Amino acid sequence: MAIEDGRIREAMKLINDYYPELIDNNRNLYFKLQQQQLIELIRDHLLEEALQFSQQQLSVDSDYLQLPELERTLSLLAFDKPENSPYSDLLHASHRQQLGSEVNEAILREQSGEGSSSKPKLVSLMKLLLWTQNELDKKKVKF
């Protein structure tokens with residue numbers, strides 16, 4: 001919901017709080033979140049802040065930099081009314097929704113164990129719970 005509302009910093013904090021390895025394991029997703037943050041700055045007409053953000057944040061991870069997408073986003077700065085530019089699709093709600101869907105998919109992959117080589121967390125917790133119950137039964141401890 002934070003992504004769809006344009007609150008990208010808040011969304012990234014929530015992702016890092018609940019899925020700390022998600023962004024580390026998916027640098028492409030990180031770039032898209034950073035790109036959306038830049039779009040939000042442009043949408044709010046914070047042009048100087050947008051330029052600083054792009055220089056400081058988006059150039060850091062050059063291995064995963066998607067130059068054509070970055071160029072499209074930065075092109076919005078050239079227009080007095082970015083919503084009337086050829087790249088106005090970046091400002092549409094559907095762009096936020098697409099990113100939200102990608103984040104949700106990545107979270108689901110992480111939860112199901114597809115995002116990493118380890119077992120899904122829920123499966124591991126269930127096995128631990130069953131083992132604990134079995135050990136308590138052996139010791140005739142009520143629970």
Side-chain angles (χ1 to χ4, degrees), residues 1-77 79 82-143:
M1 187 59 117
I3 292 172
E4 290 185 14
D5 290 340
R7 300 185 326 261
I8 307 307
R9 287 185 179 139
E10 180 183 337
M12 289 181 68
K13 182 184 178 332
L14 289 169
I15 292 167
N16 283 324
D17 287 349
Y18 293 102
Y19 304 98
E21 295 178 7
L22 184 71
I23 290 177
D24 290 338
N25 294 338
N26 194 338
R27 300 307 287 174
N28 183 45
L29 185 62
Y30 178 68
F31 171 80
K32 288 181 178 186
L33 286 163
Q34 293 288 75
Q35 176 194 21
Q36 189 63 42
Q37 178 60 36
L38 178 59
I39 291 168
E40 298 306 327
L41 292 170
I42 294 169
R43 180 191 318 275
D44 294 338
H45 301 285
L46 301 171
L47 305 183
E48 287 185 34
E49 192 175 333
L51 284 172
Q52 288 176 349
F53 179 83
S54 65
Q55 290 171 341
Q56 294 170 353
Q57 298 296 320
L58 293 171
S59 62
V60 172
D61 207 350
S62 61
D63 291 342
Y64 299 95
L65 184 67
Q66 297 175 18
L67 196 54
E69 281 300 306
L70 182 57
E71 288 172 351
R72 283 181 38 145
T73 305
L74 289 173
S75 293
L76 293 171
L77 291 169
F79 296 90
E83 59 276 0
N84 295 333
S85 75
Y87 306 109
S88 64
D89 62 297
L90 296 172
L91 298 169
H92 294 167
S94 62
H95 193 265
R96 287 176 176 169
Q97 291 168 346
Q98 175 64 33
L99 178 58
S101 293
E102 288 181 41
V103 169
N104 287 339
E105 286 177 32
I107 289 171
L108 288 173
R109 278 194 308 273
E110 187 79 16
Q111 287 180 335
S112 70
E114 293 175 29
S116 63
S117 60
S118 64
K119 293 179 184 173
K121 291 177 185 175
L122 186 58
V123 171
S124 297
L125 287 173
M126 289 302 297
K127 286 183 178 181
L128 180 60
L129 177 64
L130 292 172
W131 177 83
T132 304
Q133 288 176 339
N134 190 29
E135 290 298 309
L136 290 172
D137 283 340
K138 285 181 188 176
K139 296 178 181 176
K140 300 188 191 281
V141 175
K142 288 190 175 191
F143 55 94

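These figures come from a predicted structure and were not determined experimentally.
- Note that CG of Leu47 and CD of Gln52 are 11.5 Å apart. Values are rounded to the nearest 0.5 Å.
- The backbone N or O of Leu22 lies less than 3.5 Å from no partner atom in the side chain of Asn26, so there is not a single donor-acceptor pair.
- Every residue meeting the side-chain hydrogen bond (donor to acceptor under 3.5 Å, both in side chains) condition with Thr73, not counting sequence neighbours, appears here in chain and number order: Gln35.
- Residues meeting the side-chain hydrogen bond (donor to acceptor under 3.5 Å, both in side chains) test with His95, sequence neighbours left out: Gln36.
- In this structure, CD1 in Ile42 is found 8.0 Å from CG in Leu51, a value given to the nearest 0.5 Å.
- Between Ser112 atom OG and Ile107 atom CD1 the span is 12.0 Å, to the nearest 0.5 Å.
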Dump the intermediate steps for side-chain contact (heavy atoms from CB on, under 4.5 Å) on Gln34 and Tyr30, then the final yes or no. CA-CA 6 Å; Gln34 293 288 75; Tyr30 178 68; 3.2 Å; yes
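- Shown are Asp5, Leu46, Leu91, Ile8; of these, the side-chain contact (heavy atoms from CB on, under 4.5 Å) with Glu40 is made only by Ile8.
- Taking both residues in full, the closest heavy atoms of Phe53 and Leu41 are given as CB-CD1, 3.7 Å, listed atom of the first, atom of the second, then distance.
- Listed by chain and residue number, Gln97 satisfy the side chain to side chain contact (heavy atoms under 4.5 Å, CB included) test with Glu4 (two or more places apart in sequence, or in another chain).
- With sequence neighbours excluded, the residues forming a side-chain hydrogen bond (donor to acceptor under 3.5 Å, both in side chains) with Asp89 are Arg72, listed by chain and number.
- Shown here are the salt bridge (Lys or Arg N to Asp or Glu O under 4.0 Å) partners of Glu69, two or more places apart in sequence or in another chain: there are none.
- For the pair Tyr87/Pro82, no side-chain contact is recorded, criterion being any heavy-atom separation below 4.5 Å from C-beta on.
- Applying the side chain to side chain contact (heavy atoms under 4.5 Å, CB included) rule to Ser101 yields no partners; only residues at least two apart in sequence or on another chain are considered.
- If you take NZ on Lys127 and CG on Leu130, they are separated by 10.0 Å, rounding to the nearest 0.5 Å.
- A search for side-chain hydrogen bond (donor to acceptor under 3.5 Å, both in side chains) contacts involving Gln98 returns Glu102, not counting sequence neighbours.
- In this structure, the side chain of Ser88 does not engage the main chain of Asn84 through any donor-acceptor pair within 3.5 Å.
- Contact between Ile3 and Gly100 at its shortest, heavy atoms only, is CG2-N, 3.8 Å.
- In this structure Lys138 satisfies the salt bridge (Lys or Arg N to Asp or Glu O under 4.0 Å) test together with Glu135, sequence neighbours excluded.
- Checked against side chain to side chain contact (heavy atoms under 4.5 Å, CB included), Leu136 has the following partners two or more places apart in sequence or in another chain: Thr132, Val141, Phe143.
- By the salt bridge (Lys or Arg N to Asp or Glu O under 4.0 Å) test, Asp137 pairs with no residue at all, sequence neighbours left out.
- Taking CG from Leu67 and CG from Leu74, the interatomic distance works out to 9.5 Å, rounded to the nearest 0.5 Å.
- Annotation: salt bridge (Lys or Arg N to Asp or Glu O under 4.0 Å) contacts of Glu10 (sequence neighbours excluded): Arg7.
- Distance check, rounded to the nearest 0.5 Å: CZ of Arg9 to CG of Leu33 gives 12.5 Å.
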